[in-house]
Amino acid sequence: MTGSDVHSTKLPARRQLPSVDKVLRHPTGRKALKAFGHTAFVKHVRQALDEIRTSDTPEDETERCSEASVAAQAARNLERGQAPSLRRVFNLTGTVLHTNLGRAPLAKTAIERAVAVMRQPSNLEFDVSSGKRGERDDHVRHLICDLTGADDAIVVNNNAAAVVLVLNSLAREQGVVVSRGELIEIGGSFRIPDMMAQAGAKLVEVGTTNRTHLKDYQSAIDDNVALMMKVHTSNYVIKGFTKEVSAPELAALAAQKGLALVDDLGSGTLVDLSEYGLKRERTVRDALDDGASLVTFSGDKLLGGPQAGFVVGRRDLVRACAKNPLKRAMRLDKMRMAALEATLKLYQTPEHLVRELPTLRFLARPLAEIVDLAARLAPIVQKAVGQAFVVEPCDTQSQIGSGALPLDTVASAGLALRPRNTQTAGRQLQALAEALRALPVPVIGHIRDGALILDLRTLDDELTFVEQLNDGQNRLQSVTEATQLS
Ligand SMILES: *Cc1c(COP(=O)(O)O)cnc(C)c1O
């Protein structure tokens, strides 16, 4: 069929398109007009009419052209447009701190403090006792110094910003010595060499990918070198024939040469994770004790707070960073400052930390509790997805995520949803994953060994999870059964 044929067959129906005015006067139109207002509704009625006018599907044309249908279509489009784009999901991926899913969920008090300063004016940069201008970072400086043993601290937008700020403040047009084994890329957009270039510093690579010796650093240091840098290899481990220079050795060399040593910790925990049954990760205090002049780390990784980046350590160096005009472009807003202060305050009562801080609560969640949860949910999920799948509790391995202990996993439990018909398994799994993502609160798992796995370590809202499965049961089953037959 040629274009002109389509045209001629559809012409009679098109002539019956109602006027905008008629659509607005129809009861459905009148109701929508009240709900959405004149401007938005008229715009969407025009769009709906245009869509019909230019569409290539002639079937049901008369029905589509009725005032009621056009009004309803416009209202549906408006409603869809008003639904939030950024919304909650169930992170059942097994990665506790998932960058794509927003990393750390905030503690209750952090949320409450953030909401409070959103509602009302605050003393963000105002010293209430003197009535003079105050420092934004003062709200958290003493807390972070207290928790890490640092002399001074500033806070910026994220750890990437912290690294750029340090390099730009302390090594502009000068050399920064980094081991070739630590030239990391995180998430595709954070690469040490690129950050270095953007910050205006010159990367001085030393050693090889697998082995870097103290003498490599020694011979690379000349008059043009301003900084030595150590970077936490957050998403990989170099194994086999390897050699890395320890932080204390680097610090000793830096001191001898009169250079500052920056340790980019990445995740940067403030507590000894071994107390919570996890493997110990170097803390910020460890890095400072090992002799780093400055340590940089994130606020929304293991620390469990809002997105933020810290520069902590020697006062003269921190002040140099604070004075850099770039700091202004990287500063924290009041909402995150309030959430960060509240999060850091939780660390003052370590006994309650695991109860109050969701990140730590998830990481330290007893396996027996997750196993019970899996047993409880298996029949419910089985009923919801129907007989096309076998749902069984299974062992899983959770990861911390966001670059903490990259190769270490934590024994966990979950559900395996496996297609009964192995011939169509691939397609069925994709359809099931899609259907679960289409629920009001999308459920995000991962596919492994022919099954969709839902790791339950991070499920704390069992009620909503179960309710929406029950509500969505018919839709889930029709989607999954349709792919089984096709
Ligand atoms: C995660 C990470 C960063 C980037 O931190 P953001 O807070 O995501 O900006 C930088 N360095 C290391 C070593 C990291 O692990």
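We count ligands from 1, going down the list as the structure has it; atoms in each ligand are counted the same way.
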Which of the numbered atoms in ligand 1 are below 4.0 angstrom from a heavy atom of [X]?
X	value
Phe190	10 (C), 11 (N)
Ile184	13 (C)
Ala160	4 (C), 5 (O), 6 (P), 9 (O)
Lys301	1 (C), 2 (C), 3 (C), 5 (O), 14 (C), 15 (O)
Arg103	6 (P), 7 (O), 8 (O)
His232	13 (C)

Requested in this report: Return the minimal non-hydrogen interatomic distance between Arg211 and Thr242, and the atom names on each side.
Outcome: NH1-O, 3.2 Å

Tell me whether [X] has any N or O atom under 3.5 angstrom from an N or O of ligand 1.
X	answer
Asn159	yes
Asp264	yes
Ser298	yes

Requested in this report: May I have the step-by-step check of side chain to side chain contact (heavy atoms under 4.5 Å, CB included) for Leu469 and Leu439, ending in yes or no?
Outcome: CA-CA 8 Å; Leu469 276 185; Leu439 288 167; 4.1 Å; yes

Query raised in the report: Are a donor atom and an acceptor atom from the side chains of Glu249 and Ser246 found within less than 3.5 Å of each other?
Result: yes

Query raised in the report: Under 3.5 Å, is there a donor-acceptor pair linking the side chains of Ser398 and Asp455?
Result: yes

Query - Minimum side-chain heavy-atom gap Val271-Thr283 below 4.5 Å - result: no

Query raised in the report: Does any non-hydrogen side-chain atom of Ile400 lie less than 4.5 Å from one of Thr359?
Result: no

Query raised in the report: Got the closest protein heavy atom to atom 15 (O) of ligand 1, with its distance?
Result: Ser234 OG, 2.5 Å

Requested in this report: Would you check if the side chain of Thr349 reaches a backbone N or O of Glu351 as a donor-acceptor pair within less than 3.5 Å?
Outcome: no

Query raised in the report: Looking only at atom types and distance, does a side-chain atom of Arg418 sit under 3.5 Å from a main-chain N or O of Val390, one as donor and one as acceptor?
Result: no

Requested in this report: Check if Asn157 has a non-hydrogen atom at a distance under 4.0 Å from any atom of ligand 1.
Outcome: no

